[in-house]
There are 2 protein chains.
Amino acid sequence: MRKTRRACNVPDATIHRLPLYLEKLKLLQAIGVEDVSSRQLAESLDIKASQLRHDFHYFGGFSRPGRPYQVDILVPALEQIIGISQPQPTVILGAGHLGQALANYQNLELQGFPVVGIFDVNPKLIGLEIRGQPVRDMDELELLIRDKGVRIAILTVPAANAQAVTDRLVRAGIVGIFNFAPTDLKVPETVVVRNERLAVGIMSLSFRVKCIIEGGYERTDGLVAGE
Amino acid sequence: MRKTRRACNVPDATIHRLPLYLEKLKLLQAIGVEDVSSRQLAESLDIKASQLRHDFHYFGGFSRPGRPYQVDILVPALEQIIGISQPQPTVILGAGHLGQALANYQNLELQGFPVVGIFDVNPKLIGLEIRGQPVRDMDELELLIRDKGVRIAILTVPAANAQAVTDRLVRAGIVGIFNFAPTDLKVPETVVVRNERLAVGIMSLSFRVKCIIEGGYERTDGLVAGE
DNA sequence: AGGCCGCTGTTACGGGATTCACAACGAATC
DNA sequence: GATTCGTTGTGAATCCCGTAACAGCGGCCT
Ligand SMILES: NC(=O)c1ccc[n+]([C@@H]2O[C@H](COP(=O)([O-])OP(=O)(O)OC[C@H]3O[C@@H](n4cnc5c(N)ncnc54)[C@H](O)[C@@H]3O)[C@@H](O)[C@H]2O)c1
Ligand SMILES: NC(=O)c1ccc[n+]([C@@H]2O[C@H](COP(=O)([O-])OP(=O)(O)OC[C@H]3O[C@@H](n4cnc5c(N)ncnc54)[C@H](O)[C@@H]3O)[C@@H](O)[C@H]2O)c1
């Protein structure tokens with residue numbers, strides 16, 4: 001009980017690293033590696049070993065002093081922390097360009113997020129099969145969410161409709177929304193939204209590109225060629 | 001000269017907010033708003049006004065004490081900082097599901113990143129028209145990059161081919177790579193990579209969802225219902 | 001003019017995140 | 001067995017970001 005309490009106070013920065021750890025560990029697992037030290041794992045991810053141990057420390061640690069981490073223990077432990085010990089059924093809202101791309105993305109299922117429903121309002125799209133699944137009419141939304149116990153939704157509708165769809169998702173019991181529309185969604189406290197803004201990504205890239213071209217080659221991490 | 005030096009030491013967190021500022025400001029500009037205070041702008045983005053002023057301070061400030069910010073000054077100033085005063089021609093590598101979705105995404109051009117080339121190796125895709133542009137053979141890559149002065153590339157090829165394509169992009173003079181493949185790319189110091197990992201996003205969402213469901217409703221920001 | 005209000009620029013502070021340092025421990029080697 | 005090396009767990013220290021506080025300026029109203 002205390003443990004789940006503490007787990008939610010973990011900083012975002014740490015949470016964002018867990019998937020990276022998990023990904024690398026699964027890779028190691030696939031090639032038969034049995035144990036791995038914090039240094040090995042950290043260096044392959046370009047971070048400090050102490051940070052990795054510190055991250056793990058939030059969850060009480062996964063080994064004991066003297067013993068390296070065991071891949072077969074770490075993988076399920078991280079999966080349990082992230083919440084994908086059981087696959088998390090997921091629905092996609094909006095079967096347009098992006099929605100279809102995501103529906104076709106097999107990695108989603110591999111990483112524990114099988115798409116169990118794709119929804120749209122466009123009659124021309126409804127019925128279209130994507131990887132064995134039909135695009136569904138919005139009428140079926142609430143029923144399917146309840147039947148399959150869906151808690152996570154991926155939102156790929158136009159920005160103008162994003163809030164309306166969100167409200168409906170919230171009423172249907174969705175707890176997490178992965179939002180690709182460039183809009184800030186209003187949701188109750190008991191629902192989490194994660195915005196994935198393409199514009200932010202490409203614009204910050206552009207900034208760094210400009211820095212390299214205009215300002216010489218120095219980087220944030222230190223080295224500046226003499227004044 | 002000093003100014004460009006300093007500009008590159010701006011923290012990432014600030015850079016990530018610039019696109020949000022710009023987006024909101026363009027919206028205000030479109031509806032004829034002439035000036036805006038730090039409080040107004042900040043509150044519409046759910047951040048503190050002092051943070052916004054602090055962010056702007058990295059660039060010397062955009063007004064003077066007593067006067068609110070003028071939208072018509074701020075917009076071009078931010079565009080100049082981000083590096084999109086002139087549109088940044090962009091190429092897409094990999095015309096699969098995701099590549100096509102992005103090629104169809106009109107917001108890219110609206111935000112200053114017109115797609116001037118879409119490339120693939122699949123003969124069946126080459127020649128396919130997407131928003132008026134043909135999918136091109138990789139043979140044309142270097143020439144088009146040089147001709148159009150492209151500095152930013154969007155990488156949507158399978159992870160297995162990502163590094164090879166990257167090497168070729170780097171040799172062709174690309175400076176910034178927006179990478180959607182779940183792989184860490186190795187590039188020289190003079191090239192910037194920004195990874196957009198879907199897995200990180202959806203897994204951290206899943207973690208927060210699990211926290212809400214298991215651990216009650218408390219959030220990082222404080223309030224925990226009594227012990 | 002004078003006073004008041006609201007605004008920005010700027011500096012100082014507090015807190016969180018990263019990094020460091022080391023103690024405790026296990027295994028292998030001599 | 002002792003010793004040496006490598007490992008994790010953990011608290012301290014450092015660094016950096018977000019927040020607050022305030023000084024200085026502009027406009028407005030009286
Ligand atoms: N295309 C991209 O690469 C891309 C990238 C980043 C973000 N986005 C964002 O993702 C969203 C979708 O982009 P897109 O390119 O796929 O657009 P799109 O127009 O191709 O697809 C949107 C789909 O949503 C459906 N829709 C509209 N209203 C709906 C509703 N109320 N309920 C259910 N479905 C509804 C439409 O019928 C359409 O099929 C947009 O908000 C866009 O800004 C797109
Ligand atoms: N589909 C998604 O929604 C999604 C989401 C996030 C990340 N990704 C990642 O984006 C990448 C592309 O995903 P996708 O679903 O579009 O895959 P896809 O297979 O549909 O498309 C990949 C395309 O790249 C082309 N290609 C392969 N090797 C190439 C090369 N050497 N040079 C140029 N083109 C080449 C292929 O011909 C194909 O058309 C993958 O790395 C995937 O992991 C995809």
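Throughout, protein chains are lettered first and strands after them, A, B, ... in sequence-line order, and every chain is numbered starting at 1.
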Between [X] ([atom1]) and [N] ([atom2]), how many Å, whole number?
X      : N       : atom1 : atom2 : result
I47(B) : dG18(D) : CD1   : P     : 9 Å
D12(A) : dT18(C) : CG    : P     : 11 Å
F59(B) : dT8(C)  : CZ    : C1'   : 17 Å
Y58(A) : dG16(C) : OH    : C1'   : 8 Å
L52(B) : dG18(D) : CG    : P     : 12 Å
Q51(B) : dT8(C)  : CD    : P     : 15 Å
F56(A) : dA17(C) : CZ    : C1'   : 17 Å
R39(B) : dT19(D) : CZ    : P     : 15 Å

Exercise. Given N179(B), which of T156(B), N195(B), T166(B) fulfils the side chain to side chain donor-acceptor pair (under 3.5 Å) condition?
Worked result: N195(B)

Side-chain N or O of [X] less than 4.0 angstrom from OP1 or OP2 on [N]?
X      : N       : result
R64(B) : dC7(C)  : no
H57(B) : dT10(C) : yes
R17(B) : dG18(D) : yes

Problem set entry | Heavy atoms of other groups near R39(A) CZ, more than 12 under 6.0 Å | no

Between [options], which one does the side chain of [X] approach most closely?
X      : options                   : value
P65(B) : dG24(D), dT18(C), dG9(D)  : dG24(D)
P11(A) : dG26(D), dG18(D), dA17(C) : dA17(C)
S38(A) : dT10(C), dT8(C), dT8(D)   : dT8(D)
S50(B) : dT10(C), dG18(D), dA20(D) : dA20(D)
K48(B) : dA20(D), dG26(D), dC17(D) : dA20(D)

Seminar exercise, completed: The answer to which of P68(A) and H54(A) contacts DNA chain D further toward the 5' end, by nearest nucleotide, is P68(A)

Exercise. Under 4.0 angstrom, heavy atoms only, what part of the nucleic acid is F62(A) near: base, sugar-phosphate, or nothing?
Worked result: sugar-phosphate

Exercise. Base, sugar-phosphate alone, or nothing: which one does Y69(B) contact when heavy atoms must sit under 4.0 Å apart?
Worked result: sugar-phosphate

For residues [X] and [Y], report the shortest heavy-atom separation together with the two atoms involved.
X       : Y       : answer
P89(B)  : K148(B) : CG-O, 3.5 Å
P114(B) : Q88(B)  : CD-O, 3.5 Å
T190(B) : V175(B) : O-CG1, 3.7 Å

Seminar exercise, completed: Residue pair T14(A)/G66(A) against DNA chain C: nearer the 5' end by closest nucleotide is T14(A)

Exercise. With distance as the sole criterion, do the side chain of R53(B) and the base of dG9(C) form a donor-acceptor contact below 3.5 Å?
Worked result: yes

For this session: Would you please test F62(B) and Y69(B) for ring-ring contact (aromatic ring centres under 6.0 Å, His included) and show each step?
Result: CA-CA 7 Å; F62(B) 299 113; Y69(B) 299 111; 7.1 Å; no

